[in-house]
2 protein chains.
Amino acid sequence: MDLELTFLGTAGSAPTARRGLPAFLVRRGGYRLLIDCGEGTQRQLIRSEGLVELPEVLITHLHADHVLGLPGLLKTWSLMDRQTPLVVRGPRGLRELMRAFGRVVGLTRLGYELEIEELDAPVELPRDGWRVGAFPVEHGVPALGYAIVEDDRPGRFDPERARALGVQPGPDFGRLQRGEPVCGSTGEVRPEQVMGPPRPGRKLVFSGDTRPCEFLRAAAWRCDVLVHEATFVHEDAQRAAETGHATAREAAELAAACEVRMLALTHLSPRYPPRVLEEEARALFPSTVVPRDLDRLVVPFPERGRPTLVGRREEPGSRDDETVELVQGA
Amino acid sequence: MDLELTFLGTAGSAPTARRGLPAFLVRRGGYRLLIDCGEGTQRQLIRSEGLVELPEVLITHLHADHVLGLPGLLKTWSLMDRQTPLVVRGPRGLRELMRAFGRVVGLTRLGYELEIEELDAPVELPRDGWRVGAFPVEHGVPALGYAIVEDDRPGRFDPERARALGVQPGPDFGRLQRGEPVCGSTGEVRPEQVMGPPRPGRKLVFSGDTRPCEFLRAAAWRCDVLVHEATFVHEDAQRAAETGHATAREAAELAAACEVRMLALTHLSPRYPPRVLEEEARALFPSTVVPRDLDRLVVPFPERGRPTLVGRREEPGSRDDETVELVQGA
């Protein structure tokens with residue numbers, strides 16, 4: 001099952017020529033969901049995956065830079081004759097926000113079902129083989145972080161051990177791997193005799209806008225990718241604290257303490273060159289990347305390789321952009 | 001006084017990878033104003049002029065694709081500590097729309113003065129040496145077109161005629177050109193004796209979204225540039241009529257009947273390649289252009305040359321864009 005993350009917008013507060021407002025597209029197999037929807041997200045979607053009918057949008061908090069792309073995206077889906085239902089989830093206040101959007105774009109006449117859900121975090125929303133976790137973070141307003149968490153996978157099958165217990169290679173190997181006991185040469189062989197311990201699934205964690213905080217630390221523990229805001233550098237740590245944001249160094253400290261595999265910094269301010277943020281974080285946590293808009297992070301199972309940042313798949317022009325690089329996590 | 005127009009967004013209804021939602025930036029000397037403000041306009045501004053503190057935004061109508069960039073732009077100006085006042089003008093219903101935006105982004109705490117004005121069109125708003133004209137158009141909702149109209153200029157001074165009347169070249173030539181009488185060799189010489197008839201100023205006309213209609217015809221008469229929507233081609237004329245839009249052919253017919261100098265088609269649908277719209281219009285009205293996003297139209301006084309479309313001044317990448325062309329009007 002492939003798992004990847006596209007950075008649709010990596011600026012914070014206001015866009016720049018190169019960076020759009022916050023939005024992330026998570027894809028696991030054929031399922032896609034959007035986290036945050038800043039102004040311009042529909043166009044960034046068109047530039048990456050195309051304007052697919054996402055079933056789900058998760059909003060971290062209701063500040064303008066994270067939500068102003070919603071009414072346009074909902075309207076455009078309507079113009080495209082979308083029929084499939086959509087659920088928008090977010091913190092307390094989301095319903096009132098959507099009512100205000102409705103006054104502008106008539107959300108009752110979309111032509112598809114729109115469900116709004118205010119989450120009472122922390123909460124887990126189970127899916128088939130994975131789940132969405134939402135947890136409260138500290139940003140001065142009701143604000144959430146999100147975790148995309150896969151269920152544990154069965155342990156690794158040990159064919160030598162099975163043979164030693166008298167199980168013949170063939171259908172019985174499959175039964176054991178599916179959790180069924182079989183007959184060996186000396187009696188019943190149970191799966192736990194030939195299977196290693198369950199292996200954790202993958203986990204992507206999104207900080208939203210926040211101070212470093214306990215719920216985030218708990219969620220980020222040994223995750224594959226932590227997407228963390230880095231609105232400030234350490235020199236401006238006081239301002240970060242006052243405005244409910246984090247510095248690149250704070251993000252790196254949290255990533256190191258939580259033993260994450262890769263840290264991706266986002267919510268960038270034009271105050272700082274991305275390289276400065278990257279260097280500040282890498283001094284504490286080397287597996288740090290600062291993705292550009294439309295970059296993708298491919299997240300394999302740990303035994304298959306490291307999370308890898310790949311350049312934008314389609315970019316309508318990149319004359320003055322930096323060279324596309326490949327960056328691999330730990 | 002230089003006069004130019006930047007096409008910030010040339011798509012209609014929904015954006016594409018290459019075309020943003022409707023917005024036009026008019027610059028006359030040091031004065032700039034924005035016409036319409038679709039989602040993403042703040043970023044298009046950053047990509048062209050920079051995020052200058054425009055004093056004025058004119059809205060053609062309140063459909064989502066023309067207004068959803070307003071709250072983000074207003075908010076970003078606030079984050080930039082804008083101090084100068086802003087006036088947003090548009091049709092009836094604008095105040096209610098802005099109240100709904102206010103529920104989302106807190107427009108009462110912007111830090112600069114925001115004035116909202118619902119225009120009772122047709123109306124002329126005089127400025128120093130020019131005026132904004134707003135006129136009603138037909139789009140099924142309260143909708144306006146706009147005209148940027150310069151005052152008449154003095155006629156051309158005839159130095160030979162002045163000399164023949166005994167006026168010495170020097171300060172008296174200047175007095176005559178400023179409208180003051182002077183003494184010639186055979187008595188008073190009045191300005192009208194040596195000045196040609198007043199010459200019209202330049203005029204830019206914006207159709208907004210509309211059917212071809214009488215107010216638009218009156219406004220567009222002999223204008224320098226008519227920016228006209230062309231949401232459909234002739235084959236889909238019935239649909240254009242039903243949805244309150246125009247075809248490229250209808251725009252060209254109107255441009256020809258009004259003897260405009262240049263027609264610029266906008267509000268493009270991804271249904272049609274721009275070349276198809278261009279060819280349909282040029283068959284009736286050869287001085288037609290179909291600008292791309294961030295293209296500029298430079299509009300000199302008629303005696304100095306033709307309106308000229310120049311390629312985007314700064315484009316963050318144009319790998320798969322068409323070659324930049326220069327196109328001149330009649």
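Every chain is numbered from 1 and lettered A, B, ... according to where its sequence line falls, protein lines coming before strand lines.
Between B:His139 and B:His63, the ring planes lie perpendicular to each other; the angle is over 60°, past the 30° to 60° tilted range. The aromatic rings of B:His66 and B:His61 are tilted relative to each other, their planes meeting at an angle between 30° and 60°.
Between chain B and the residues A:Leu62, A:Leu68, A:Val105, the most heavy-atom pairs under 4.5 angstrom are made by A:Leu68. In terms of heavy-atom pairs under 4.5 Å with chain B, the best-connected choice from A:Arg43, A:Gln42, A:Arg99, A:Arg103 is A:Arg43. Contact count versus chain A (heavy atoms, under 4.5 Å) is highest, among B:Gly102, B:Gly40, B:Ala11, for B:Gly40. Heavy-atom pairs under 4.5 Å with chain A peak, among B:Pro15, B:Ala100, B:Gly106, B:Gly20, at B:Pro15.
Using a 4.5 Å cut-off between heavy atoms, A:Leu21 contacts chain B through its side chain alone, with no backbone atom that close.
In this view, B:Thr10 and B:Phe7, B:Arg19, B:Thr266, B:Asp293 satisfy the side-chain contact (heavy atoms from CB on, under 4.5 Å) rule, not counting sequence neighbours. Shown here are the side-chain hydrogen bond (donor to acceptor under 3.5 Å, both in side chains) partners of B:Arg271, two or more places apart in sequence or in another chain: B:Ser269.
The stretch residues 92-121 of chain A participates, sequence neighbours left out, in no ring pair (Phe, Tyr, Trp, His ring centres under 6.0 Å) pair at all.
Contact annotation for residues 77-97 of chain A against chain B (heavy-atom separation below 4.5 Å, listed by residue number): A:Leu79, A:Leu97.
With 3.5 Å as the limit, one finds a donor-acceptor pair spanning the side chains of A:His267 and A:Thr231.
Using a 4.5 Å heavy-atom threshold, the side chains of B:Leu297 and B:Pro291 count as separate.
Here B:Arg275 pairs with B:Glu278 in a salt bridge; the nearest charged N to carboxylate O distance falls below 4.0 Å.
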